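The next block holds one structure in the form of structure tokens; read it before the comments.
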Protein chains: 2
Amino acid sequence: MQIHVETFAVHKRFPLTISRGTTTESTNVWVRVERDGIEGWGEATPFSAGREPQTTEAAIAALQAIAKASGSTRPLDRQLIEQLCIEFQTPSTARAALDVALHDWLGKKVGLPLWGLWGLQLKRIVPTSVTIGIASPDAARERARQWLQATQVQMFKVKLGSPEGIEADRAMLMAVREEAPPQIQFSVDANGGWSLDDAVKMCNLLADWGIKYVEQPLPVEATDELSKLYEKSPLPIFVDESCFTSGDIPQLADRVHGINIKLMKCGGLTEAMRMVHTAKACGLQVMYGCYSDSALANTAMSHLAPLADYLDLDSHLNLIDDPFLGATVQDGRLVPNNLPGLGVQHRASES
Amino acid sequence: MQIHVETFAVHKRFPLTISRGTTTESTNVWVRVERDGIEGWGEATPFSAGREPQTTEAAIAALQAIAKASGSTRPLDRQLIEQLCIEFQTPSTARAALDVALHDWLGKKVGLPLWGLWGLQLKRIVPTSVTIGIASPDAARERARQWLQATQVQMFKVKLGSPEGIEADRAMLMAVREEAPPQIQFSVDANGGWSLDDAVKMCNLLADWGIKYVEQPLPVEATDELSKLYEKSPLPIFVDESCFTSGDIPQLADRVHGINIKLMKCGGLTEAMRMVHTAKACGLQVMYGCYSDSALANTAMSHLAPLADYLDLDSHLNLIDDPFLGATVQDGRLVPNNLPGLGVQHRASES
């Protein structure tokens, strides 16, 4: 098979600030796997929370190495290609792009959308949350207003863990809640920005306010504190930066209520499925998240969405120059279409 | 879709005795799911180690109830049908038959064997063990000779846990080892027939003899003793009767080295896949086993075989009247063919 690799830049309509910093744009990688006249597509998106360098350049280099080594391999040979990626120590963003492209190829080959191939029901897809970054209360209120005008929002995810402390978190969240109609649900994400004391205080407050769950309240290294928070928190705790692959899940099962699965962390749909299965066997809930992914990667995850308890696949909704079209927002839910494979098209290629 | 249910009897060439009793025949259920001119096949095999009644009659009644309720359902709607089975409290043997049939239908619909659809590599399939039941040393030696003449054996699984005690176990195993060429590998299965003391003694002996692993050394209820054995045993411990579904795995992870996955216990290929993923995430090995399954159910598991560390899918090799043809034994390995779906044919339908 042939593997084609090229980059594309995407720019955010509204810059996104989280506890670690601000993002305005991203240079992602578009992978195309070709064989038998069929092309399968995938995307690698760089991110900063990695355990290994997850840069655009590292993804390109890794994909080019795989492309050289896999000339006679068929796109159906996913177990073989995964083994090759392990041997090559391929970064997870590059593995994700490749695995998604191989699945897209498979779906196109057999003429079924991935959700159909997997036997899933689209009506089980819950609404995706849309994200409001760290900002002043007024700016956050304005961002909420913009989201509500632009998209059928059913759930907000508010980024907390402000460098200015939990009083700033509280003021910002209160401003967004005031702006939102009462039926809107909320989650929050501290991106590891709180101490244990702050987290306990905030979780009690957030539970009183009817927030659904809190994501990554503590830094990754605070594993003992996570157990203590789990005992005290009236709110479900999800982890993101603390959980990359299925192998991370069993040791988290006694200290969290759920995990955030992201294609770029785990390395593809194959591993995302393993994480869903492992988490559920461990009695945990699952949510899916994203980085600066375009519609390509978020559409890929939308095919697995009938298995998720919560969804946060909104990054492409905040791009001014997303090259791709795929799953569409229907009543706040990101729903894949009926086309074979991912059902993703390139805007520039449309006639 | 239409669901057709009929029974068929299979008879063992050589009766099989384990610690719980002797089996000479079995009445299994053949399920055919039909839609769009395509038929998907599955099998329900009764077994006695169940947590719920796993009789042929219970499977038939459950499948007839599902057949009535699922008239407008499509074979692709596996998530919906699984939910229906949960609501109907369908026994796992009936669920297994249905889930396998739906997968066979899918593979035939898209024109790919299941192993191809799943992206797996047939060359990763390890040899299947063949089973020698509890018998006198002379009878066991004779059974080993028969296996060696009839099949390309690479691994024996010897049933221990004799009601006559571990001295009888030891004498029988020694007889089989004497009969087998030196390159043959061995595992043993006590089917819960040992006390902790017996198990510790036997595991030390078995390790000295180069046995690869021991299966279900202790009764299901001996969970604390299992922890103690795990600390003391020089031999890998697998559980069978202690582990039915993926939800059983996390709490076993600190006291066993592996699990035995069986279609009839877990309820189908969908759950078998979940068990593989969960076990591997928990750092456990996996083996696949069978009851009195014909080539139909064993061929279904052979499609997942590239993910297994050990295989024990030999029941159909000991039948005199297996109605089905599917995966074939190649150099001791049970290998599925390249036909779409399961690649199983009915002998009577062959021209």
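Proteins come first, then strands; the chains are lettered A, B, ... in the order of their sequence lines, and each starts at number 1. Treat the numbers as computed from the prediction; the structure is a model and nothing was measured.
When heavy atoms are compared at a cutoff of 4.5 Å, P306(A) approaches chain B by way of both its backbone and its side chain. L112(A) touches chain B through its side chain: at least one heavy atom from C-beta onward sits under 4.5 Å away, while N, CA, C and O do not. Heavy atoms closer than 4.5 Å to chain A are found nowhere in I249(B), neither backbone nor side chain.
Screening E271(A), R274(A), K280(A) against H277(B) for a side-chain contact (heavy atoms from CB on, under 4.5 Å) leaves a single residue, R274(A).
Remark: the backbone N or O of L117(B) is paired with a side-chain donor or acceptor of R78(A) at under 3.5 angstrom.
Applying the 6.0 Å contact sphere to CD of E87(A) captures more than 12 heavy atoms from other residues, nucleotides or ligands. Enclosure of atom CD in Q121(B) by more than 12 non-hydrogen atoms of other residues, nucleotides or ligands within 6.0 angstrom is indicated.
Contact tally against chain B (heavy-atom pairs below 4.5 Å) for K109(A), R124(A), K123(A): the top residue is R124(A). No other option in R74(B), M273(B), Q251(B), Q83(B) has as many heavy-atom pairs under 4.5 Å with chain A as Q83(B). Note: L80(A) leads L102(A), L80(A), L106(A) in heavy-atom pairs under 4.5 Å with chain B.
Heavy atoms only, all atoms of each residue included: P250(A) and C282(B) are closest at CG-SG, 3.7 Å. A pairwise comparison of heavy atoms in L76(A) and G116(B) identifies CD2-O, 3.8 Å as the closest pair. Smallest separation of non-hydrogen atoms from Q79(A) and L307(B): NE2-CD2, 3.7 Å.
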